[in-house]
Amino acid sequence: MSEETILQLQAIAEAALLAAARPLSLDQIMALFEESEQPPRKQMEHALQRLGESCETRGFELCKVASGYRLQVKQEYARWV
């Protein structure tokens, strides 16, 4: 799996999570892709892990909840938002 592929998957997941009004499950994120373009599940999981790591120095975080994944403001910044 190339670095470019992982970065693209991260960006797609980030955009989808920002646009969604609710958490998205891994299956819902995978369903964003045409069947012929769908990445392997492990590759998408890796991209989500990397997305979470990329948020470490930002004002928001990737949070895994019972219903899926969501991007949310970090608790330490909530009073300003």
**Student:** Enumerate the residue pairs fulfilling salt bridge (Lys or Arg N to Asp or Glu O under 4.0 Å) with a member in residues 25-40, sequence neighbours excluded, ordered by first and then second residue.
**Tutor:**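 Residue pairs with at least one partner in residues 25-40: Asp27-Arg41.
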**Student:** Going by side-chain hydrogen bond (donor to acceptor under 3.5 Å, both in side chains), name the residues that satisfy it together with Gln8, two or more places apart in sequence or in a different chain.
**Tutor:**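 Once residues adjacent in sequence are excluded, Gln8 has no partner under the side-chain hydrogen bond (donor to acceptor under 3.5 Å, both in side chains) criterion.
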**Student:** What pairs of residues pass the salt bridge (Lys or Arg N to Asp or Glu O under 4.0 Å) test when at least one of them lies in residues 55-78, not counting sequence neighbours?
**Tutor:**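 Passing the test, one end in residues 55-78: Glu14-Arg58.
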**Student:** What residues form a side-chain hydrogen bond (donor to acceptor under 3.5 Å, both in side chains) with Ser36, not counting sequence neighbours?
**Tutor:**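 Per chain and number, Ser36 pairs via side-chain hydrogen bond (donor to acceptor under 3.5 Å, both in side chains) with no residue.
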**Student:** So for atom CD, which belongs to Glu3, do other residues, nucleotides or ligands contribute more than 12 heavy atoms lying within a distance under 6.0 Å?
**Tutor:**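 More than 12 heavy atoms, drawn from other residues, nucleotides or ligands, come within 6.0 Å of this atom.
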**Student:** Return the set of residues passing side-chain hydrogen bond (donor to acceptor under 3.5 Å, both in side chains) with Glu45 (not counting sequence neighbours), or none when no residue passes.
**Tutor:**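 Applying side-chain hydrogen bond (donor to acceptor under 3.5 Å, both in side chains) to Glu45 gives none.
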**Student:** Nearest heavy-atom pair of Gln10 and Ser54: which atoms, and what distance?
**Tutor:**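 That closest heavy-atom pairing would be NE2-OG, 4.0 Å.
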**Student:** State the NE2-CD distance between His46 and Gln43, to the nearest 0.5 angstrom.
**Tutor:**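 The CD atom of Gln43 is 8.5 Å from NE2 of His46, to the nearest 0.5 Å.
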**Student:** Can you list, by chain and residue number, the hydrophobic cluster partners of Met44 when the side-chain cut-off is 4.5 Å?
**Tutor:**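 Leu9, Ile12, Leu17, Leu18, Leu24, Leu26, Ile29, Met30, Leu32, Phe33, Leu48, Leu51, Phe60, Leu62, Tyr69, Leu71, listed by chain and number.
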**Student:** Report the distance from atom CZ of Arg50 to atom SG of Cys55, rounding to the nearest 0.5 Å.
**Tutor:**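 Arg50 CZ to Cys55 SG: 12.5 Å, rounded to 0.5 Å.
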